[in-house]
Amino acid sequence: MNAISTYKDRNFIAVIGDEDSVTGLLLAGVGHVDGANKNFLVVDSKTPLSKIEETFIEFTKRKDIAIILINQHIAEYIRQLVDDYDQAFPTILEIPSKDHPYDPEKDSVLKRVQHLFGE
Amino acid sequence: MDQILLEYLSLISALQEQWKQISTNLGGVTHAKYTMGPHRLNQNQYDGRMQATTRVLISQKKDTNMLNTPNEFICQYTLTSLEEISDNNEDNDSSSLRRRGIKNPENDSTKKRSQGRIIDDPLRWFGILVPSSLRESQRHFKQSLSGMINIINLRNEIINKEAEYQMLKKEKEKFMEENRMKHANSAEN
């Protein structure tokens, strides 16, 4: 029962990204505001690193978030935090943006493939 | 083992294909911003009362492999809508209300939902008449979101398949080691 309760109430998709990525995903209907709690963060050149870290940690602790989408180039700013993350929920997915296309070199799943065949 | 490797590589290929599709869909908002002007399409236009109409359901599906890999179940993510989730919740509530013999105020909630549908479209935040590029961009991002969910599901299957392969590899190595020792013993004798 415990295992089910850890994911049953997780319905939201959170986003940490540049304005265009966040706007696009909000247009797709994922945005949610509940009082002071939002499930997204727009990162621009003025966003302090501490804010990104704080928001990432906050999203990982919330019990209602199933997935955190984060632009790959923004994940680089908090690489240590993202790499050290080992919870089953919420799951993290690094996504490309218009200015930072998908880079297979940085894809953690493809790195596992290299590791597997490297053996 | 070869079969598992083939399945594994097929999953990787599907993953890469999905990423390619997502990457082509991400430029629309920038183009719409160019058409509308950045003052009309930015985070200041977001509705401060927004409610997520696109959500996710997590379920667990039994892994079909015959080995006892550590993860017997694979997590499955499915995109869903707020309406589907509240329908499920209302069904649970209404059945318990009926059992108590109380009238179910279904009509009110259905009426509120149909009115809410018009207001809920985030396109409305950016004006009554929005350019087709923004509508197109919304459509593309919805497709991309669906692709992202597929990627998460594929990723879970890949990790599971990898675990299956590693287990088989260890069993094979153990078997070969046992065989080597048997031959070594019989050669001595």
Side-chain angles (χ1 to χ4, degrees), chain A residues 3-4 6-15 17-35 38-42 44 64-67 69 71 88-104 107-110 112-113 115-117 119, chain B residues 8-9 12 15-16 19-20 22-23 25-30 33 41-43 45-60 75 77 79-82 85 120-123 125-126 134 137-138 140-145 148-149 151-152 154-156 158-159 162 165-166 169:
Chain A
I4 295 171
T6 57
Y7 64 76
K8 191 175 79 75
D9 295 325
R10 293 182 183 275
N11 300 130
F12 293 130
I13 300 170
V15 187
D18 56 35
E19 193 175 73
D20 288 358
S21 299
V22 173
T23 301
L25 288 163
L26 261 47
L27 280 172
V30 308
H32 193 85
V33 176
D34 179 16
K38 296 183 201 177
N39 67 335
F40 58 90
L41 172 70
V42 175
D44 57 26
D64 56 355
I65 291 176
I67 298 169
L69 301 175
N71 281 140
F89 306 107
T91 196
I92 314 283
L93 182 68
E94 294 182 34
I95 59 173
S97 63
K98 190 199 152 275
D99 295 328
H100 298 87
Y102 169 66
D103 183 358
D107 189 324
S108 58
V109 173
L110 296 186
R112 295 169 76 106
V113 176
H115 182 68
L116 188 73
F117 288 103
E119 286 173 358
Chain B
Y8 182 74
L9 289 172
I12 299 288
L15 183 85
Q16 289 179 305
W19 273 124
K20 261 193 217 154
I22 286 174
S23 295
N25 278 338
L26 297 178
V29 170
T30 312
K33 202 181 257 185
L41 184 58
N42 61 56
Q43 57 180 307
Q45 262 69 49
Y46 297 169
D47 184 354
R49 301 155 304 170
M50 68 177 86
Q51 299 289 291
T53 50
T54 302
R55 301 189 187 195
V56 153
L57 281 176
I58 305 176
S59 55
Q60 286 194 321
C75 271
Y77 291 78
L79 267 183
T80 185
S81 66
L82 171 63
I85 291 180
D120 279 346
D121 186 356
L123 271 178
W125 305 342
F126 305 102
L134 193 61
S137 161
Q138 182 184 48
H140 285 159
F141 265 93
K142 283 181 176 176
Q143 283 172 352
S144 291
L145 193 56
M148 289 171 198
I149 301 301
I151 282 176
I152 290 171
L154 277 170
R155 193 172 64 175
N156 288 343
I158 285 168
I159 289 168
E162 203 181 284
Y165 176 78
Q166 297 284 27
K169 197 173 160 193

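Reminder, nothing fancy here: chain letters follow the sequence lines and each chain counts from 1.
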**Q.** For the student: nearest non-hydrogen atoms of A:Ala66 and B:Tyr77, plus distance
**A.** O-CE2, 3.9 Å

Q.
Need one label for B:Ser59: side chain, backbone, both or neither, based on atoms under 4.5 Å from any heavy atom in chain A.
A. backbone

Q) Heavy-atom distance under 4.5 Å to chain A: side chain of B:Ile158, backbone, both or neither? A) side chain

Q. For the residue pair B:Phe141 and A:Ser21, what are the closest heavy atoms and their distance?
A. CE2-O, 4.0 Å

Q: Just give me the residue among A:Lys98, A:His32, A:Lys38 that pairs up with chain B most often, heavy atom to heavy atom, under 4.5 Å.
A: A:His32

Q: Considering non-hydrogen atoms only, spot the tightest contact between A:Tyr7 and B:Gln60 and give its length.
A: OH-CG, 3.5 Å

(Q) If I measure from the heavy atoms of chain A, does B:Leu9 come under 4.5 Å with its side chain, its backbone, both, or neither? (A) side chain

Q | Heavy-atom proximity to chain A below 4.5 Å, by part of B:Leu123 | A | both

(Q) Any heavy-atom pair between the side chains of A:Phe89 and B:Cys75 that's under 4.5 Å? (A) yes

Q: Can you sort out the partners of B:Lys33 under salt bridge (charged side-chain N to carboxylate O under 4.0 Å, His left out), two or more places apart, ordered by chain and number?
A: A:Glu19, A:Asp20

Q. Just by distance, do the side chain of B:Thr54 and the backbone of A:Ala28 share a donor-acceptor pair under 3.5 Å?
A. yes

Q: Please look at B:Gln16 and chain A and tell me whether the side chain, the backbone, both or neither of the residue comes under 4.5 angstrom of a heavy atom of that chain.
A: side chain

(Q) Is any side-chain heavy atom of A:Pro101 closer than 4.5 Å to one of B:Ser23? (A) no

Q: Locate the shortest heavy-atom distance separating B:Ser137 from A:Leu27; write the atom from each residue and the value.
A: OG-CD1, 4.3 Å

Q: Answer whether the closest heavy-atom distance between the side chains of A:Ile13 and B:Met148 falls below 4.5 Å.
A: no

Q. Less than 4.5 Å apart, any side-chain heavy atom of A:Tyr102 and any of B:Ile22?
A. no

Q) What part of B:Asn156 lies closer than 4.5 angstrom to a heavy atom of chain A: side chain, backbone, both or neither? A) neither

Q: Can you see which heavy atom on B:Gln43 is nearest to which on A:Val42, and at what distance?
A: NE2-CG1, 3.6 Å

Q) Which atoms form the tightest heavy-atom contact between B:Gln51 and A:Val33, and what is the distance? A) NE2-O, 3.1 Å

Q.
Parallel, tilted or perpendicular: which one describes the rings of B:Tyr46 and A:Phe40, with boundaries at 30° and 60°?
A. perpendicular

Q) Which of these passes side chain to side chain contact (heavy atoms under 4.5 Å, CB included) with A:Ile67: B:Ile58, B:Ile149, B:Leu145? A) B:Ile149

Q) Partners of A:Asp64 by salt bridge (charged side-chain N to carboxylate O under 4.0 Å, His left out), sequence neighbours excluded? A) A:Arg62

